[in-house]
Amino acid sequence: HFYLSNIALKSNLNNLVIDDSGDSSLTQILSETGGGDGVTINNSISISFSVSDIYNNLGHGLLLNNSDSVTVSSCEFSNNSLNGINIIGNSKYVNISTCSIHLNNNSGIYLMCDNIRIHNNSVVDNATDGIVVNGSYCIATNNHCVNNTNGINIITDNNIISNNICINNITNIIDPLVNNIIVNNII
């Protein structure tokens, strides 16, 4: 268990790495110009990450790997060389809300896991996709995906994509599959 607050990390190889942790909180973290990922959370459970600025890192802004029950809220992820937020491994029950994710050199949010909830985020001006859903039983709702190459790119089945505003993207919503629920989106 730990609580980190009001910490500035700058120009480290990987600015902040959390391994094998649980029931912990990170708030008001500034992670900038790292040589790798801004923040990495590996093999952890029940983590709260909020009110933080992660930008100008050479890797992902936030990398979640094999972590469960992680809440990311009210954060800004910008100008990272890869994805703003990248969720991989067996991560599940991740909740991303009220974040500003913009100007990343790849996708704003890229998830390759099941049971992820993405809601009430601003995902704008990322080089490729605003949001990539490459997992099942995920929910993306009430997000603003604007000026990305693709607004929301859905690669797998059994997801709910609703009440999003996807405008001024080259393609607003990509869904080549038949088993997704896509309703009430503005495109």
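Keep in mind that what you see is a predicted model, and the values were worked out from it rather than measured.
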Subject >> For Thr141, side chain to side chain donor-acceptor pair (under 3.5 Å) partners two or more places apart >> reply: Ser162
**OP:** Please check if Val123 and Ile186 belong to a single hydrophobic cluster, counting links between Ile, Leu, Val, Met, Phe, Trp and Tyr side chain heavy atoms closer than 4.5 Å.
**Re:** no
Original post:
Which heavy atom of Ser91 sits nearest a heavy atom of Ile116, and at what distance?
Top reply: O-CD1, 4.2 Å
Original post:
Which residue, Thr128, Asn80, Asn86, forms the side chain to side chain donor-acceptor pair (under 3.5 Å) with Asn106?
Top reply: Thr128
Original post:
Of Asn150, Asn148, Asn147, which meets side chain to side chain donor-acceptor pair (under 3.5 Å) against Asn126?
Top reply: Asn148
Subject >> Any donor-acceptor N/O pair, Asn143 side chain to Asn164 backbone, under 3.5 Å >> reply: no
Subject >> Closest contact, heavy atoms only, Gly89 versus Cys113 >> reply: O-SG, 3.3 Å
Original post:
Looking just at side-chain N and O atoms, do Thr71 and Ser48 make a donor-acceptor pair shorter than 3.5 Å?
Top reply: no
Original post:
If you round to the nearest 0.5 Å, how far is CG of Leu13 from CG of Asp37?
Top reply: 9.5 Å
Original post:
Leu4, Phe49: one ILVMFWY side-chain cluster at the under-4.5 Å cut-off?
Top reply: yes
Original post:
From Leu26 CG over to Ser50 OG, what is the distance, rounded to the nearest 0.5 angstrom?
Top reply: 8.5 Å
Original post:
Who are the side chain to side chain donor-acceptor pair (under 3.5 Å) partners of Ser52, not counting sequence neighbours?
Top reply: none
Original post:
Side-chain contact, heavy-atom cut-off 4.5 Å: Ile87 with Ile96?
Top reply: yes
Original post:
Are any side-chain N or O atoms of Asn83 and backbone N or O atoms of Ser107, one a donor and one an acceptor, separated by less than 3.5 Å?
Top reply: yes
**OP:** Work out which heavy atom in Asn15 is nearest to a heavy atom in Glu32; give both atom names and the distance.
**Re:** ND2-O, 3.1 Å
Original post:
Between Asn65 and Thr40, is any pair of side-chain heavy atoms under 4.5 Å apart?
Top reply: no
Original post:
So, does Asp53 use its side chain to make a donor-acceptor pair with the main chain of Leu30 at under 3.5 Å?
Top reply: no
Subject >> Which atom of Ala127 lies closest to which atom of Asn105, heavy atoms considered >> reply: CB-O, 3.4 Å
Original post:
Does a donor on one side chain and an acceptor on the other come within less than 3.5 Å for Ser97 and Ser73?
Top reply: no
Subject >> Under 4.5 Å side-chain linkage, directly or through intermediates, the cluster mates of Met112 >> reply: Leu63, Ile88, Tyr110, Val132, Ile155
**OP:** Using atom types as modelled and distance alone, determine if a side-chain donor or acceptor of Ser44 lies under 3.5 Å from a backbone N or O of Ser21.
**Re:** yes
Original post:
How many angstroms lie between CZ in Phe77 and CD1 in Ile109, if you round to the nearest 0.5 Å?
Top reply: 8.5 Å
Original post:
For Ser11, what residues pass the side chain to side chain donor-acceptor pair (under 3.5 Å) criterion, not counting sequence neighbours?
Top reply: Thr33
Subject >> Distance, nearest 0.5 Å, that separates CG of Asn142 from CG of Asn121 >> reply: 10.0 Å
Original post:
Ignoring hydrogens and geometry, is there a side-chain-to-backbone donor-acceptor pair from Asn57 to Gly34 under 3.5 Å?
Top reply: yes
Original post:
Under the side-chain hydrogen bond (donor to acceptor under 3.5 Å, both in side chains) criterion, do Ser46 and Asp23 qualify, and how do the steps go?
Top reply: CA-CA 5 Å; Ser46 190; Asp23 296 321; 3.1 Å; yes
Original post:
Can you hop from Ile7 to Tyr55 via hydrophobic side chains spaced under 4.5 Å?
Top reply: no
Original post:
If Ile, Leu, Val, Met, Phe, Trp and Tyr residues are connected whenever their side-chain heavy atoms lie under 4.5 Å apart, and connections chain through other members, are Val39 and Ile45 in the same group?
Top reply: no
Original post:
Please walk me through it: do Val94 and Leu64 pass side-chain contact (heavy atoms from CB on, under 4.5 Å)?
Top reply: CA-CA 9 Å; Val94 175; Leu64 295 177; 3.7 Å; yes
Original post:
With a 3.5 Å cut-off and no angle check, do the side chains of Asn104 and His60 form a donor-acceptor pair?
Top reply: no
**OP:** Could you grab the distance from atom CD1 of Ile54 to atom CD1 of Ile101, nearest 0.5 Å is fine?
**Re:** 11.5 Å
**OP:** Check Gly38 against Ser31 and note the closest heavy-atom contact, atom names and distance.
**Re:** O-OG, 2.8 Å
Original post:
For Asn66, which residues count as a side chain to side chain donor-acceptor pair (under 3.5 Å) partner, sequence neighbours excluded?
Top reply: none
Original post:
Going through the distances and angles, do Ile118 and Cys138 end up as a side-chain contact (heavy atoms from CB on, under 4.5 Å)?
Top reply: CA-CA 8 Å; Ile118 303 166; Cys138 299; over 6 Å; no
Original post:
Can you find a heavy atom in the side chain of Val72 that is under 4.5 Å from one in the side chain of Cys99?
Top reply: yes
**OP:** Look up atom NE2 in His144 and atom OG in Ser122, then write down how far apart they are to the nearest 0.5 Å.
**Re:** 7.5 Å
Subject >> Ile47-Val51 co-clustered via ILVMFWY side chain contacts under 4.5 Å >> reply: no
Contacts under 3.5 angstrom, residues 170-182 side chains, donor-acceptor by atom type, not counting sequence neighbours:
{"residue": "Asn172", "atom": "OD1", "partner": "Asn169", "partner atom": "N", "Å": "3.4"}
{"residue": "Asn172", "atom": "OD1", "partner": "Asn169", "partner atom": "ND2", "Å": "3.1"}
{"residue": "Asp175", "atom": "OD1", "partner": "Leu177", "partner atom": "N", "Å": "3.3"}
{"residue": "Asp175", "atom": "OD1", "partner": "Asn180", "partner atom": "ND2", "Å": "3.0"}
{"residue": "Asn180", "atom": "OD1", "partner": "Asn158", "partner atom": "N", "Å": "3.1"}
{"residue": "Asn180", "atom": "OD1", "partner": "Asn159", "partner atom": "N", "Å": "2.8"}
{"residue": "Asn180", "atom": "OD1", "partner": "Asn159", "partner atom": "ND2", "Å": "3.3"}
{"residue": "Asn180", "atom": "ND2", "partner": "Thr156", "partner atom": "O", "Å": "3.1"}

